[in-house]
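Working notes for the structure below.
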Amino acid sequence: MKKLVNDPADVVDEMLAGFVACEDGVERLPDTDVIVRSDAPVDGKVGVVTGGGSGHEPMHAGYVGEGMLDGAAAGAIFTSPPATEMSELIAAADGGEGVLAIIKNYEGDIMNFDTAAELAGVEYDQVIVDDDVAIADSTERTGRRGVAGTVFVHKVAGAMADRGEPLDEVKRVAEKAIDNVASMGVALTSCITPEKGEPTVDLNDDEIEIGIGIHGEPGVERTEIQPADEITDRLTGDVVDDLNLDDGSEAVAMVNGLGGTPLSELYVVARRLDQVLDDRSIDVHDVWVDEYCTSLDMAGCSVTLLELDDELRGLLEHPVSTPQLND
Amino acid sequence: MKKLVNDPADVVDEMLAGFVACEDGVERLPDTDVIVRSDAPVDGKVGVVTGGGSGHEPMHAGYVGEGMLDGAAAGAIFTSPPATEMSELIAAADGGEGVLAIIKNYEGDIMNFDTAAELAGVEYDQVIVDDDVAIADSTERTGRRGVAGTVFVHKVAGAMADRGEPLDEVKRVAEKAIDNVASMGVALTSCITPEKGEPTVDLNDDEIEIGIGIHGEPGVERTEIQPADEITDRLTGDVVDDLNLDDGSEAVAMVNGLGGTPLSELYVVARRLDQVLDDRSIDVHDVWVDEYCTSLDMAGCSVTLLELDDELRGLLEHPVSTPQLND
Amino acid sequence: MDDTDATTLLQTVLENVADRVADEREYLTELDSKIGDADFGANLHRGCQAALEAVDELDDPTPAEYLETVGKTLLDEMAGSSGIIFGMSLMKASAELESGVTPETLVAFTNAFRDNVAERGDVDVGSKTLYDILVPVADTLQASVEMDADEDELIDASARMVEAARRGAMFTAALRAKRGRASYTEWRSVGHPDPGAVGILIILQEIHSTAEA
Amino acid sequence: MDDTDATTLLQTVLENVADRVADEREYLTELDSKIGDADFGANLHRGCQAALEAVDELDDPTPAEYLETVGKTLLDEMAGSSGIIFGMSLMKASAELESGVTPETLVAFTNAFRDNVAERGDVDVGSKTLYDILVPVADTLQASVEMDADEDELIDASARMVEAARRGAMFTAALRAKRGRASYTEWRSVGHPDPGAVGILIILQEIHSTAEA
Ligand SMILES: Nc1ncnc2c1ncn2[C@@H]1O[C@H](COP(=O)(O)OP(=O)(O)O)[C@@H](O)[C@H]1O
Ligand SMILES: Nc1ncnc2c1ncn2[C@@H]1O[C@H](COP(=O)(O)OP(=O)(O)O)[C@@H](O)[C@H]1O
Ligand SMILES: [Mg+2]
Ligand SMILES: [Mg+2]
Ligand SMILES: [Mg+2]
Ligand SMILES: [Mg+2]
């Protein structure tokens with residue numbers, strides 16, 4: 001296994017040490033794997049926090065900063081962080097107006113945040129992001145996974161809080177975004193965790209997995225490698241249908257790299273995505289093309305759409321200053 | 001070969017089409033693979049241009065925009081763009097105050113830019129970036145390669161031009177940066193070009209190449225995989241020695257991902273880089289950690305240092321607005 | 001069994017479990033790779049190592065305090081879904097031993113652990129999680145105590161609990177996962193045992209072999 | 001040879017070269033992968049295909065115009081180091097045929113191509129580039145013309161030029177690269193022939209076989 005790591009067990013600790021050494025405006029709560037804004041808590045502002053397993057960088061710590069997240073708890077690779085550290089995060093983000101947690105729909109994250117809220121004992125609420133269309137809704141399961149669309153939810157919720165809105169309003173907008181965001185991914189290769197040192201999923205040389213999860217969880221279909229346009233048509237089609245966008249809908253789109261795919265290929269996908277949305281006369285407000293929510297070194301990408309109304313568009317354009325997003 | 005591409009021969013064209021469809025402030029000269037600022041030429045400003053083979057995204061088009069580059073010509077993957085398109089670029093960037101080309105030290109780029117300058121027939125000058133310490137200076141060779149440090153040269157030259165400085169001053173600062181920048185890379189896996197579909201370099205499962213070039217050209221040494229700290233010590237040491245930085249020198253650093261390495265590993269390297277510079281009492285102004293100058297899907301990274309004086313520090317902090325950099 | 005003996009036994013059990021988990025780490029990660037995200041081996045191993053360190057700092061703890069510390073450490077250090085389930089359940093259940101370690105309080109402890117998993121994880125039998133083996137294991141223990149087993153007979157009971165756990169783990173293999181990451185594999189999870197369940201089986205095997213020795 | 005025949009011959013040569021390069025594309029890329037950046041095969045193939053299209057649009061061109069168009073297209077479409085070297089050299093040399101295609105003007109053309117490569121590439125013999133085989137090839141042609149070879153004997157000359165090119169390519173294999181990307185491999189380039197030189201060898205082989213047919 002060739003990775004730029006020392007002892008695999010120290011990856012998260014060393015990564016966070018490098019992160020706070022190099023990035024401005026963020027710091028690490030002592031003896032924890034929690035990153036917060038250097039000026040946290042921001043008095044009079046609703047605290048917006050999140051947490052989850054590591055391995056998705058820049059998610060989550062990359063989005064901590066003005067106009068977006070107040071803090072993020074990092075777990076081991078693909079492992080939810082412990083409730084105790086989450087509760088320290090909640091306390092550190094409470095500016096007296098309550099704290100909203102934005103949680104990706106994974107049981108480990110939810111269970112730990114529930115317990116953390118009890119421990120923290122501050123005004124608290126939470127929303128659960130489940131934008132992955134690859135898993136059809138079904139009671140017999142924990143429901144749809146939370147993937148790259150979470151970044152849009154962070155952004156609009158962070159903007160509301162930055163504007164001094166109260167907790168229930170921040171939650172309302174976060175839930176509106178959640179109801180209008182959908183994503184679907186494809187993996188060309190599996191991710192390799194430092195722990196296992198071998199691919200989690202075994203895809204052979206000409207096999208891809210449509211609908212793969214960001215922890216290498218299985219998708220909906222394994223097929224032969226196809227041209228980028230065909231793959232993009234499939235992903236975009238499923239996402240558009242899930243949101244039942246139609247003529248005249250407005251949306252912001254994201255082509256998210258999963259870690260091992262070069263930017264040149266992401267733009268090849270973005271070209272087709274733009275055409276498909278055009279053909280369906282969907283008004284494209286903007287297209288984000290980069291690595292926003294990865295899966296370690298997995299080759300592949302995901303397509304996300306968030307349907308916009310005036311409110312969400314304005315919040316999306318709200319200025320932020322974080323290590324990953326700076327506009 | 002699994003890549004998100006259609007016909008490998010169309011990758012560059014489709015990538016650029018996606019790029020201009022998604023990014024603001026940039027456009028493509030008709031029937032060319034040249035990207036320019038939408039408002040080019042900027043009257044009264046020295047035009048700062050560059051060009052080179054594709055496969056290093058976001059380099060170069062990602063740096064076209066206010067405060068940085070006026071335009072960039074993209075060639076086929078790892079192939080210099082033709083002199084004819086470079087001359088169209090030079091003409092399109094000439095705001096009446098002349099054009100400076102920033103060229104990475106590859107013969108294809110140099111030969112084509114020389115011819116392009118003849119064809120364009122405008123006031124023109126050029127500087128050649130050769131920051132790769134992996135290749136010792138030697139007359140018997142084309143000299144040191146131009147790699148990730150080129151981005152710093154783009155930034156300071158672009159800032160000078162943005163401040164209305166004349167051509168000779170923009171060139172002076174570009175050359176100062178070139179004289180004070182050094183980089184060294186390491187590859188954990190080889191890149192795979194769409195054309196060949198197989199690794200350019202064959203590194204086996206526990207072999208790394210220290211000093212690799214960004215087109216998969218050979219480095220100085222192949223060794224067994226080592227812990228990230230040891231690799232970082234080696235790369236940083238060679239770069240610091242090349243620049244003979246000593247106590248009290250100030251520098252800006254860059255940990256650049258080569259395309260296939262996740263951000264988490266880059267921060268592990270950045271942690272050690274920060275420590276090494278600290279131990280050598282080198283004053284670290286800032287550390288850039290991301291993918292700035294890649295080699296398609298190559299796993300690995302490069303370390304770059306640019307020694308700063310007041311002038312370079314000020315220019316480095318000059319605000320820019322490009323698809324890749326936005327502060 | 002008086003508290004000191006019980007704590008000494010617990011310490012030996014924890015050391016044996018930690019060694020066994022260290023050996024089985026790759027196997028557990030492999031199981032979690034098939035139908036999950038390949039981190040359970042590392043999570044359980046990390047939890048055990050941290051627990052060993054935490055209990056070292058305790059000053060002559062009662063069994064309840066001992067187990068509460070292990071639980072709290074698992075919650076902190078093991079993390080993930082399994083960390084909060086193992087950790088919180090152990091913390092909650094440890095209170096049942098405050099009055100001392102007797103067959104009755106052991107039953108109360110085991111049932112409390114089982115019930116907290118169900119509550120915390122919002123699961124019931126058949127979801128293909130570690131809960132599926134806790135139910136038969138707790139019943140086996142309670143059955144032997146109901147039939148007036150004394151301490152020696154408890155050791156036989158632990159053998160039967162291991163057998164119940166083994167059957168439970170096999171049972172999970174045939175199930176379609178409805179909880180946890182495995183649930184995303186839907187029908188493809190059938191044929192693979194649940195990693196968490198196998199983890200509990202391994203722990204029970206060590207408890208039994210330590211008690212026997 | 002009158003202009004129309006010459007242009008027809010050139011067209012057949014270009015078609016044969018383009019087909020041959022299409023077959024050898026992977027081989028040339030493999031050579032450029034060993035000591036370069038694995039793009040020469042694609043570059044030469046792209047150049048040939050574009051040249052075929054470009055000359056199609058010409059309206060009864062003279063040999064000089066024909067070759068100038070091929071050169072300009074290679075510069076535009078082949079690009080890279082080889083594109084500007086092949087393209088500019090061909091454009092410059094084509095002027096030598098304006099007065100017609102005779103043994104003397106063919107020598108002038110070949111020497112002009114050779115000299116432009118040296119000037120454009122700032123190379124001399126022994127740098128392990130395609131220049132290394134142009135020198136023996138140009139000398140072989142000029143020697144035969146100096147000894148009053150008529151057109152038929154020129155075909156034999158083209159056979160000897162191919163042999164010279166073959167030896168030149170073998171010669172580059174033994175050299176340490178001092179120019180182009182191969183120069184970064186330093187001593188490791190020894191043992192590998194220069195891709196550009198092999199490309200010229202292939203072209204000369206096609207010129208010879210077409211002329212012979
Ligand atoms: N909702 C739940 N209730 C009970 N046990 C669960 C639940 N979710 C997961 N588990 C148990 O946790 C184990 C996986 O643990 P681990 O791999 O650490 O968590 P994660 O799924 O977060 O990676 C599963 O094998 C299962 O036994
Ligand atoms: N300076 C030079 N002078 C003459 N020929 C050169 C020079 N540099 C490269 N070449 C020729 O170009 C060939 C490589 O072409 P190509 O792969 O297209 O260029 P690049 O090196 O830019 O990838 C080499 O094999 C060599 O024959
Ligand atoms: Mg996990
Ligand atoms: Mg090249
Ligand atoms: Mg798991
Ligand atoms: Mg080449």
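Keep in mind the model is a prediction, meaning the values are calculated, not measured. To find a chain, count down the sequence lines: A is the first, B the second, and so on, and within it residues start at 1.
Of the two parts of A:T193, only the side chain, counted from C-beta on, holds a non-hydrogen atom closer than 4.5 Å to a non-hydrogen atom of chain C. Residue contact with chain A, scored on non-hydrogen atoms closer than 4.5 Å, is absent for C:K34. Only the backbone of A:N105 comes within contact range of chain C, with heavy atoms under 4.5 Å apart. With a 4.5 angstrom heavy-atom cutoff, C:N43 touches chain A only via side-chain atoms. At a 4.5 Å heavy-atom cutoff, the contact between C:I85 and chain A is made by side-chain atoms alone. The part of C:M78 that comes within reach of chain A is its backbone (N, CA, C, O), which places non-hydrogen atoms under 4.5 angstrom from that chain.
A salt bridge is absent between C:E163 and C:R160; no separation between the charged side-chain nitrogens and carboxylate oxygens falls under 4.0 Å. Salt bridge status for A:D242 with A:R144: present, with a side-chain N to carboxylate O gap under 4.0 Å. The pair C:D39-A:K196 does not count as a salt bridge, with every side-chain nitrogen at least 4.0 angstrom from each carboxylate oxygen. Note on C:R181 versus A:E107: no salt bridge recorded, every NZ/NE/NH1/NH2 to OD/OE distance being 4.0 Å or above. Salt bridge status for A:D13 with A:R28: present, with a side-chain N to carboxylate O gap under 4.0 Å.
Shown here are the side chain to side chain contact (heavy atoms under 4.5 Å, CB included) partners of A:L243, two or more places apart in sequence or in another chain: A:A182, A:V239, A:L245, A:L305.
A:S295 places no side-chain N or O within donor-acceptor distance of the main-chain N or O of A:L258, the cut-off being under 3.5 Å.
Within residues 74-90 of chain A, the residues having any heavy atom under 4.5 Å from a heavy atom of chain C are, by residue number, A:A76, A:I77, A:F78, A:T79, A:S80, A:P81, A:P82, A:A83, A:T84.
Looking only at heavy-atom pairs under 4.5 Å with chain A, the residue among C:G87, C:A42, C:G80 that has the most is C:G80.
The side-chain heavy atoms of C:D32 and A:E195, taken from C-beta on, include no pair separated by under 4.5 Å.
For the side-chain contact (heavy atoms from CB on, under 4.5 Å) with C:T210, the qualifying choice from C:T12, C:V17, C:L14 is C:T12, the only one to do so.
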